[in-house]
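So the structure is just underneath, and the comments pick up after that.
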Amino acid sequence: KKSHSNPWFLKMRKNVLCLVVMIICWACVVSGVYIRQEDEIRFWLITDMHYDNEYTEGSEVECGQPSCCHAYDGTPVKVPAGKWGDLKCDPPQILIEGVLSQMTTIEPNPDYLVWLGDNVKHNVWNQTKAENLGASKNCTEFIYDAFPDVPVIPIMGNHESFPTDQFALPPGMSWLYDSLADYWKDWLPEDALGTFLYGGYYTTTTEDGLRVVMLNMMYCDPLNFYLRDANETDPAGQLEWLKAVLSDAKTYGERVLLLSHIPPGMSVDLAFVPNCLPDYTKNFASIVANYSDIIIGQLYGHTHEDNFLLFKDEKGNPISVAFVNPSMTPYQKHNPAVRLFTYNNVTKEFTGVYTYWVDLAKTNQLDYVVFDLEYELPSDYSMDDLSPSSFSSLATRLEQDEELFDHWYTHYYTMDTNHTCHSICKKLAICAMTNVGDVYAYADCLP
């Protein structure tokens with residue numbers, strides 16, 4: 001007993017306990033295991049699955065078509081497709097289910113799961129309504145099988161329609177919206193069906209009280225020819241509805257998360273190529289500015305790349321951040337990736353973003369899904385937090401620090417290092433990310 005009360009013994013015991021805790025935490029970090037914090041909400045995010053039910057192992061990768069890795073006609077194969085997928089093709093079922101399975105080993109019981117759409121493969125010249133609906137139904141089943149007891153917040157992508165990108169103004173898309181509402185009947189709340197069946201957008205609240213708004217940005221898609229003669233600022237009346245939702249949220253003291261498939265603003269890769277029509281983006285950005293005090297953030301997919309967009313007020317102050325999330329499909333040379341988001345249950349402010357990726361080359365080599373933590377925010381970029389001001393500082397550092405930008409660009413393509421970004425490419429990215437909603441400021445920013 002005397003030995004246990006000895007100060008030296010007590011100090012050693014404390015040090016040993018601290019060392020054990022440090023070893024456990026280090027092991028969790030190395031293995032990618034996520035440790036939940038107190039008063040924390042967490043959710044998985046999946047986007048751009050682009051499931052390919054015709055993917056064939058051993059088929060030609062370099063087929064000369066927009067979508068390859070399908071059964072060949074007897075012609076000798078020069079570049080055979082791997083069992084688990086290829087960086088130039090959409091994923092087979094085995095890869096999608098493998099990723100979902102790995103997600104359950106990291107966090108099997110998230111508070112909810114966000115699914116941002118694009119479920120159909122890229123064979124856009126050879127599709128039917130039935131095939132596209134089938135892809136969405138298959139992807140619904142994949143997610144439900146992996147997370148049967150987890151609430152899912154789904155939205156569609158531009159590839160769900162037929163033809164791709166073509167979304168008629170309401171109520172002209174009932175064939176798609178009615179079918180998706182049926183597939184998602186276990187996830188869509190009853191009070192969301194009215195606007196979803198009308199225009200493919202809706203709002204709901206999570207169990208912790210966060211207001212989530214799902215927008216159908218295909219009504220600002222530059223490739224949607226139904227918009228040719230439409231009112232570009234709000235062709236489906238969706239943004240007027242959004243203002244009403246945000247006004248009510250502010251009245252009732254709610255915080256809001258905005259979701260959609262297509263991000264607003266300009267392409268990060270190509271000069272003056274919009275992701276979303278400029279007038280629509282301008283209108284949307286003004287709404288974000290008016291309600292930035294209750295909007296905790298925005299989440300998008302579509303581009304397959306990993307980047308962010310910074311919204312500013314009229315004085316140039318950062319007011320909102322949009323995360324453009326990496327894709328599950330490896331198509332166009334991106335390793336597959338998914339994300340785990342965390343936010344404080346009280347303040348609703350984001351506290352962490354954990355990006356997990358699949359090393360597709362090793363996965364094909366070892367014949368199992370090599371799934372690891374790619375990086376996490378805010379620590380990977382030495383940010384103070386995930387506020388708009390911190391992302392504004394990061395954008396400045398990316399522009400000034402070439403080594404940091406190269407590090408960011410590796411994440412942009414999810415650890416595929418066969419991409420380079422010269423000075424003009426770098427400027428295009430910075431200008432697009434920091435001038436959302438102001439096409440004139442964007443133009444002045446370009447070299």
Side-chain angles (χ1 to χ4, degrees), residues 45 47-48 114 116-118 155-158 165 167 199-201 203 212-224 227 230-243 245-246 256-292 294-314 316-327 388 391-392 395 412 428-443 445-446:
L45 184 144
T47 189
D48 294 271
V114 169
L116 297 182
D118 258 15
I155 196 73
M156 75 201 79
N158 58 300
D165 292 292
F167 281 74
Y201 52 87
T203 182
V212 185
V213 181
M214 278 60 61
L215 298 170
N216 183 353
M217 289 293 208
M218 276 67 81
Y219 293 130
C220 74
D221 182 356
L223 298 178
N224 183 3
L227 303 180
N231 169 19
E232 186 177 313
T233 57
D234 191 13
Q238 177 178 218
L239 295 186
E240 284 300 312
W241 168 84
L242 173 62
K243 285 192 284 187
V245 170
L246 293 175
V256 180
L257 176 63
L258 302 180
L259 311 178
S260 189
H261 179 71
I262 296 178
M266 294 291 182
S267 168
V268 170
D269 300 310
L270 302 170
F272 289 103
V273 175
N275 293 317
C276 175
L277 292 171
D279 285 347
Y280 195 100
T281 293
K282 182 179 179 180
N283 192 6
F284 174 72
S286 69
I287 297 172
V288 171
N290 290 335
Y291 293 94
S292 61
I294 65 170
I295 297 173
I296 70 166
Q298 306 169 49
L299 304 174
Y300 302 97
H302 184 59
T303 69
H304 299 191
E305 284 96 26
D306 176 352
N307 67 293
F308 65 90
L309 302 174
L310 190 63
F311 287 69
K312 301 175 182 178
D313 63 17
E314 293 180 352
N317 300 312
I319 56 171
S320 184
V321 174
F323 296 91
V324 182
N325 297 280
S327 63
F391 274 97
S392 180
Y412 182 73
L428 283 174
I430 297 297
C431 292
M433 292 192 296
T434 59
N435 293 281
V436 183
D438 189 340
V439 67
Y440 297 105
Y442 168 77
C445 176
L446 293 177

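Side chains are part of it too, since the values below use all heavy atoms of this structure and drop only hydrogens, waters and symmetry mates.
- Partners of Ala236 by side-chain contact (heavy atoms from CB on, under 4.5 Å), not counting sequence neighbours, listed by chain and number: Pro170, Tyr219.
- For the side-chain contact (heavy atoms from CB on, under 4.5 Å) test, residues two or more places apart in sequence or in another chain that qualify with Asn317 are Asp313, Lys315.
- Counting only heavy atoms from C-beta outward, the side chains of Leu428 and Leu446 approach each other to under 4.5 Å.
- Counting only heavy atoms from C-beta outward, the side chains of Ile296 and Val256 never approach each other to under 4.5 Å.
- Here Phe391 contributes atom CZ and Leu309 contributes atom CG; the two are 10.5 Å apart, rounded to the nearest 0.5 Å.
- Contact detail for Pro222 and Pro274: the closest heavy-atom pair is CG-O, 3.3 Å.
- Only one option out of Val245, Leu242, Val212 pairs with Thr203 in a side-chain contact (heavy atoms from CB on, under 4.5 Å); it is Val245.
- Within the structure, the salt bridge (charged side-chain N to carboxylate O under 4.0 Å, His left out) test picks out the following pairs touching residues 295-308 (sequence neighbours left out): Asp306-Arg339.
- Between the OH atom in Tyr291 and the CD1 atom in Ile319 there is a gap of 13.0 Å [rounded to 0.5 Å].
- Atom CG of Leu277 is separated from atom CG of Asp221 by 7.5 Å, given to the nearest 0.5 angstrom.
- Annotation: the span from Thr47 atom OG1 to Leu299 atom CG amounts to 10.0 Å, rounded to 0.5 Å.
- In this view, Ser327 satisfies the side-chain hydrogen bond (donor to acceptor under 3.5 Å, both in side chains) rule with no residue, not counting sequence neighbours.
- Closest of all the heavy-atom pairs between Leu227 and Met218 is CD1-O, 4.0 Å.
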Run the side-chain donor-acceptor check on residues 282-289: report pairs under 3.5 Å with partners two or more places apart or on a different chain.
{"from": "Asn283", "atom 1": "ND2", "to": "Thr233", "atom 2": "O", "distance (Å)": "3.0"}
{"from": "Ser286", "atom 1": "OG", "to": "Asn283", "atom 2": "O", "distance (Å)": "2.6"}

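- The nearest pair of heavy atoms linking Pro388 to Leu310 is O-CD1, 3.6 Å.
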Please output the side-chain donor-acceptor pairs of residues 257-272 that fall under 3.5 Å, not counting sequence neighbours, one pair per line with the distance.
{"from": "Ser260", "atom 1": "OG", "to": "Leu215", "atom 2": "O", "distance (Å)": "2.8"}
{"from": "Ser260", "atom 1": "OG", "to": "Met217", "atom 2": "N", "distance (Å)": "3.4"}
{"from": "His261", "atom 1": "ND1", "to": "Leu116", "atom 2": "O", "distance (Å)": "2.8"}
{"from": "His261", "atom 1": "NE2", "to": "Asp118", "atom 2": "OD1", "distance (Å)": "3.4"}
{"from": "His261", "atom 1": "NE2", "to": "Asp118", "atom 2": "OD2", "distance (Å)": "3.1"}
{"from": "His261", "atom 1": "NE2", "to": "Asn158", "atom 2": "OD1", "distance (Å)": "3.1"}
{"from": "His261", "atom 1": "NE2", "to": "His302", "atom 2": "ND1", "distance (Å)": "3.3"}
{"from": "Ser267", "atom 1": "OG", "to": "Asp269", "atom 2": "N", "distance (Å)": "3.1"}
{"from": "Ser267", "atom 1": "OG", "to": "Leu270", "atom 2": "N", "distance (Å)": "3.2"}
{"from": "Asp269", "atom 1": "OD1", "to": "Tyr412", "atom 2": "OH", "distance (Å)": "2.9"}
{"from": "Asp269", "atom 1": "OD2", "to": "Tyr412", "atom 2": "OH", "distance (Å)": "3.1"}

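- Ala322 approaches Phe311 most closely through the heavy-atom pair CB-CE1, 4.0 Å.
- For Tyr201, the ring pair (Phe, Tyr, Trp, His ring centres under 6.0 Å) partners are Trp241, not counting sequence neighbours.
- Atom CZ of residue Phe167 and atom SG of residue Cys220 lie 11.5 Å apart, to the nearest 0.5 angstrom.
- Legend: residues meeting side-chain hydrogen bond (donor to acceptor under 3.5 Å, both in side chains) with Glu240, ordered by chain and number and at least two apart, are Lys243.
- Scored by the side-chain hydrogen bond (donor to acceptor under 3.5 Å, both in side chains) test, Ser320 finds Gln298 as partners (sequence neighbours excluded).
- Of the possible donor and acceptor atoms, one in the side chain of Asp234 sits under 3.5 Å from a partner among the backbone N and O of Leu239.
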